[in-house]
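Written out below as structure tokens is the structure these notes cover.
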Amino acid sequence: MSFFDSIREKAVNTISQVLEKGTQTGLSKDQQFCYDHKLPFEEKAIDDTAAELNIRQVQNKDSGSKKPFSSGRLFITKQFLIYYDAFDKRNCSFTLHLSTVKKVERMPAMAYGFNLVITTNSQLLITLYLIGLKSDSERFAQSLKIALKDNLANVPKFHSFVQTCYSEYLLCKNNASSEKVVDIPPGGLGLSFKFPGNAKELKDKSKMKLWFDHFRSEGRNLSIIKTPVFYKLIRVGLPNRLRGELWEVCCGSMYLRLNHQGEYQNILNSHKNQQSIAIDEIEKDLNRSLPEYAAYQSAEGIERLRNVLTAYSWKNKEIGYCQAMNIVVAALLIYMSEEQAFWCLNILCERIVPGYYSKTMYGTLLDQRVFESLVQDTMPLLWEHITKFDIQLSVISLPWFLSLYLNSLPLVFAFRILDIFFLEGYKTLFQVALAILKLNGEELLQSEDDGTFFSVLKKYFQTLDQSAHPNSPNPKYRAITKFQELLVTAFKEFSIITDEVILKHRNKHKGSIMQNISTFVKRTELRNLPRLPNLSQQAIDITYDRFYAIVESYNVATGSGSSYMDYKAFKRFMSEICDWVTLEESPDEKNSVFLNTLFISWDQEHQGALKLADIFIGLNKLCEPDLMTAITDFFKLYDNDTGKIDREGILRISEDLLSITRPWREGWMLDSITELAIENSIADKIYQQQKDKKTDEDIPIPSEVNIDKEKLENQQMERYLSAASNFIRRSFEYAQPKEEDILLKDLALDNKITHNAALNPNTPVYLDLPTFRMVILADETYELLFSKTLRNSIHTDTPLNEKAGSMRNIRDMFDGLLADGRRVANKVRRRMDSVATSSVASVNGAGSGSSISDRSRNGDAQDEEEERDDDFGTLSIDEKDKDLLLGHHVSSDIPERSNPDISNSKAEINEELDTHSTKDKKDSNLIEFES
């Protein structure tokens, strides 16, 4: 039973690993298929079947065994025929581009029910023995036929593409290719500035001959067959002239280059002479890219490097340009053309090591934690030593991973590691790093600080070409170099470090790393914000979180996506913190008009979107506690930096003020004036009760009240409508005509003017800041709006998952008043004291003739003024504005104009304000207490 249990456990583990791999990478099934076979992500498996195959050369088609040598799975996509061995992928696999297929024949059935023979442009005969039901084999053959037919349009593209492949040129030159490649394909800088290392010592010619034979027997470029020989040739090191092309084959960038021919040059041409932040950073690092290589001391090498980095920064604006990209691209350009390096960089940044070259380098930071975890598991004694002496291993290993060992190892050896890296993927970085620590373990255990630890490793890197066993009596062992020993240790002893093992550790540590990065990024961004005196630290923290929660396309930890907020997201953002913004708009969308004004004003870069700093600066102005500054900021939303607002601007302001005051105008909320009127009504009623009882006991506050809600709402609504009407009338009444109109009036022969020019719709007028302040301060409701009401309606400290829920209806407000009745009790006490004082004065004959009611209201007015001083702070008035400010009533100090209609209008304003004040007094008795 134990045997079957072990099999079952192994099967369960295998299935869980497959499922885990799919979920951890965050890819769909089709994307995972493309990732595994290094295909472009737009590919999708159309059909698949079990198959066995045999491969031989066309010239030897009648010789050799026809027996299949591999059994596996066959897939067809839009542009590719994919096969891999079912038992070991290294035994046989290929990714055959359909453009390389010259002929497909159906063979007579023998032992197998369905046989296909494919002839490729590389003179290979691939015999496919389809396994399964005949109907399934027929369907697969039909799918292949359709895909080949649809791919005919790509055949001319393929023929032009192979002209850029040195493998095709090599075979054509030796009469082993049907393609005609006349010109030598473009290559890397090594052709002009020599390749690193000694070609003779590296046995470059012998390696080239081995690859020539492999290309003849197993295909090349887009039709190469990967057999065990292919992997062995990669391990022993690639020949210099073929290295760039084989890197393309191994990582899959060759398929991107085929599908996007000419795109690289188009990017450079379309963005010629354009500037960006990424380009500025690129220019700083160009001369620091592999300075030991001669090409990067010349204009040619620098220009190639600049072109590739610049093109990629325009293609992938999310990444743009990041640290260490210049080192990697400089290495690629030694063996690749610009276009080859460009597409290889795409695969490297977006598929092989995603997150390594990003704004936050989250991929590298995560892998450093994974590396430490692997050291702890595989070398516990060394890890205990590192922990004991607080050695920062990640600081030492970070450059290894980020620069792909190019900045740490001599270039000759770093390129050997890259050969394997492009074939095997990111696990190569971990295997080599673990082998480095393993081989230097004894010396590292003697290091007790970071400096000594680093020195041991640096010395080791400088001696990689020396014998690993110089004192061995066996000449064979003495011939083994330290680098050869490193490769054997990395890929034999640490072959247990698979992709699945690394993914498991990544999943384990991803949450903590991402949280740390997010915290660091948040702290950095908030530190770089301008001073925000009107926002508390709590409000700043919550606003930051709310901003990025709403900008869902941006990931703070990875730095991916756009960090700008469009208008739709801005509207949602404001609806969560402002009482006067709702997502459910009325048909006229008055609310959106003012939001759009704010959006345009806050967009300092004029990009049609807001960044984080724009939001904070704008909210800081909206929450301004100083009355004059708040009025000024509001005025600047409409003056377009001219200091003047025309007739259309005045109408826009009046509409926006109506929109902002909608919660109070429609009775959703109560402002301070209404609250004060309610308090006074309660106090009057309680005072009357105390007076009837004729007692000096403590003033009791009733637990319930009956209110005329509709009447209170109508009273507040009328006040806000009256304020809006008065704003328009006073704005045009005190608006000033333009200078040319004044000049014409002065030059007129007849000075008998019968109307105010500003009120004439045909006369251009403007409203300047002093006049705007005067008009606002002339109305008690709008003065309160800018000094207190608007500020209190913005809740920047509202928790992230909640909306601004401070809209209080009248019943809620009464409950608060009755729960804490100290303010009401104080008002009642002042009324009683005022009556007592008035009685004493009357007995002594010193009465002023004022009624008790009048004195009581005067006391309330004083109390109200004291509360405003506490809420508004000290109001500073400019000297130039003193003669224009009206206060709660129109001042008699306003300079008279020659037009008699203006004086009449001022008198009407005073009369209306007095009437309005009297009406408020009459409506103060709104509350009836229950018995």
Side-chain angles (χ1 to χ4, degrees), residues 29-30 32-34 36-62 64-87 89 91-159 178 218-227 255 258-259:
K29 182 180 178 181
D30 292 330
Q32 189 66 49
F33 174 81
C34 295
D36 292 338
H37 299 285
K38 301 178 180 179
L39 301 174
F41 274 140
E42 57 266 22
E43 292 296 316
K44 182 179 179 180
I46 299 173
D47 205 347
D48 67 285
T49 184
E52 294 182 350
L53 62 77
N54 183 37
I55 300 173
R56 61 190 186 279
Q57 293 179 326
V58 172
Q59 58 268 31
N60 299 326
K61 64 179 180 179
D62 296 326
S65 174
K66 295 184 179 180
K67 183 179 179 180
F69 73 89
S70 177
S71 299
R73 200 77 187 170
L74 193 64
F75 296 86
I76 182 72
T77 72
K78 185 179 180 180
Q79 297 187 75
F80 295 92
L81 186 66
I82 300 104
Y83 173 84
Y84 64 86
D85 191 272
F87 299 98
K89 190 176 180 180
N91 185 36
C92 181
S93 66
F94 61 75
T95 302
L96 192 72
H97 198 280
L98 295 181
S99 298
T100 66
V101 176
K102 298 184 68 175
K103 183 170 61 173
V104 179
E105 298 175 280
R106 181 171 178 176
M107 301 297 291
M110 295 181 181
Y112 295 88
F114 205 99
N115 302 341
L116 294 175
V117 177
I118 297 176
T119 306
T120 71
N121 77 308
S122 55
Q123 303 300 308
L124 292 181
L125 287 177
I126 304 175
T127 305
L128 299 174
Y129 306 93
L130 306 186
I131 302 174
L133 297 176
K134 185 177 180 180
S135 59
D136 293 340
S137 299
E138 292 281 0
R139 187 190 67 246
F140 184 87
Q142 182 66 19
S143 298
L144 178 59
K145 178 181 178 180
I146 294 173
L148 287 169
K149 185 177 180 180
D150 293 341
N151 195 68
L152 287 176
N154 294 325
V155 174
K157 186 188 298 184
F158 164 75
H159 289 298
S178 59
E218 309 294 346
R220 61 267 184 188
N221 46 70
L222 295 172
S223 61
I224 195 166
I225 310 296
K226 296 176 184 177
T227 59
Y255 309 132
L258 170 65
N259 290 344

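Residues take their numbers from the sequence shown, with the count starting at 1.
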Taking side chain as C-beta onward, heavy atoms only, is Glu52 less than 4.5 Å from Ile131? yes
So, taking the atom named OG1 in Thr119 and the one named CD1 in Ile126, what distance separates them when rounded to the nearest 0.5 Å? 9.0 Å
Charged N to carboxylate O below 4.0 Å: is that the case for Arg73 and Asp48? yes
Derivation of the side-chain contact (heavy atoms from CB on, under 4.5 Å) call for Asn151 and His97: CA-CA 10 Å; Asn151 195 68; His97 198 280; 4.1 Å; yes
Could you tell me which non-hydrogen atom of Lys89 sits nearest to which non-hydrogen atom of Asp36, and how far apart they are? NZ-O, 3.4 Å
Could you give me the CA-CA distance, side-chain angles and deciding distance for Glu138 and Lys145, then say whether salt bridge (Lys or Arg N to Asp or Glu O under 4.0 Å) is met? CA-CA 10 Å; Glu138 292 281 0; Lys145 178 181 178 180; over 6 Å; no
What's the shortest heavy-atom distance between Leu130 and Ala51, and which atoms? CD2-CB, 4.2 Å
Result for side-chain contact (heavy atoms from CB on, under 4.5 Å) between Ile118 and one of Leu148, Leu125, Val104 points to Val104
Check the pair Asp47 / Leu144 against side-chain contact (heavy atoms from CB on, under 4.5 Å), numbers first and verdict last. CA-CA 9 Å; Asp47 205 347; Leu144 178 59; over 6 Å; no
Taking side chain as C-beta onward, heavy atoms only, is Leu222 less than 4.5 Å from Ser99? no
Working to the nearest 0.5 Å, report the span between CG of Leu81 and CG of Leu74. 4.5 Å
Report yes if the side chains of Phe69 and Leu53 come closer than 4.5 Å at any heavy-atom pair, otherwise no. yes
Taking the side chain as every heavy atom from C-beta outward, state whether Leu39 and Gln79 have any pair of such atoms under 4.5 Å apart. no
Is the shortest heavy-atom distance from the side chain of Leu124 to the side chain of Arg56 under 4.5 Å? no
Would you say that Ile55 contacts Thr227 through its side chain, given a criterion of any heavy-atom pair below 4.5 Å between the two side chains? no
Here the gap from Glu218 atom CD to Gln57 atom CD, rounded to the nearest 0.5 Å, amounts to 8.0 Å
How close do Ala147 and Thr77 get, heavy atom to heavy atom, and via which atoms? CB-O, 3.9 Å
Determine whether Asn259 and Asn154 make a side-chain contact, defined as any pair of heavy atoms from C-beta on separated by less than 4.5 Å. no
Phe140 and Phe114: ring-ring contact (aromatic ring centres under 6.0 Å, His included), yes or no, with the steps? CA-CA 11 Å; Phe140 184 87; Phe114 205 99; 9.0 Å; no
Please round to the nearest 0.5 Å and tell me the distance separating atom OG of Ser137 and atom CG of Leu128. 11.0 Å
Can you find a heavy atom in the side chain of Ile146 that is under 4.5 Å from one in the side chain of Ile46? no
Measure across Thr95 and Phe80 and return the closest heavy-atom pair with its distance rounded to 0.1 Å. CG2-CD2, 3.6 Å
Lys38 bridged to Glu43 by N-O distance under 4.0 Å: no
Distance only, no hydrogens: is a donor on one side chain within 3.5 Å (strictly under) of an acceptor on the other, for Ser223 and Thr120? no
With under 30° as parallel and over 60° as perpendicular, where do the rings of Phe94 and Tyr83 fit, or are they tilted in between? parallel
Please step through side-chain contact (heavy atoms from CB on, under 4.5 Å) for the pair Leu116 and Arg106, ending with a clear verdict. CA-CA 5 Å; Leu116 294 175; Arg106 181 171 178 176; 4.3 Å; yes
Between Phe75 and Tyr84, what is the ring plane arrangement, given parallel below 30°, perpendicular above 60°, and tilted in between? parallel
Using a distance-only test with no angle check, is there a side-chain donor-acceptor pair under 3.5 angstrom linking Ser70 and Asp85? yes
Between Val117 and Met107, the two heavy atoms sitting closest are CG2-CG, 3.1 Å
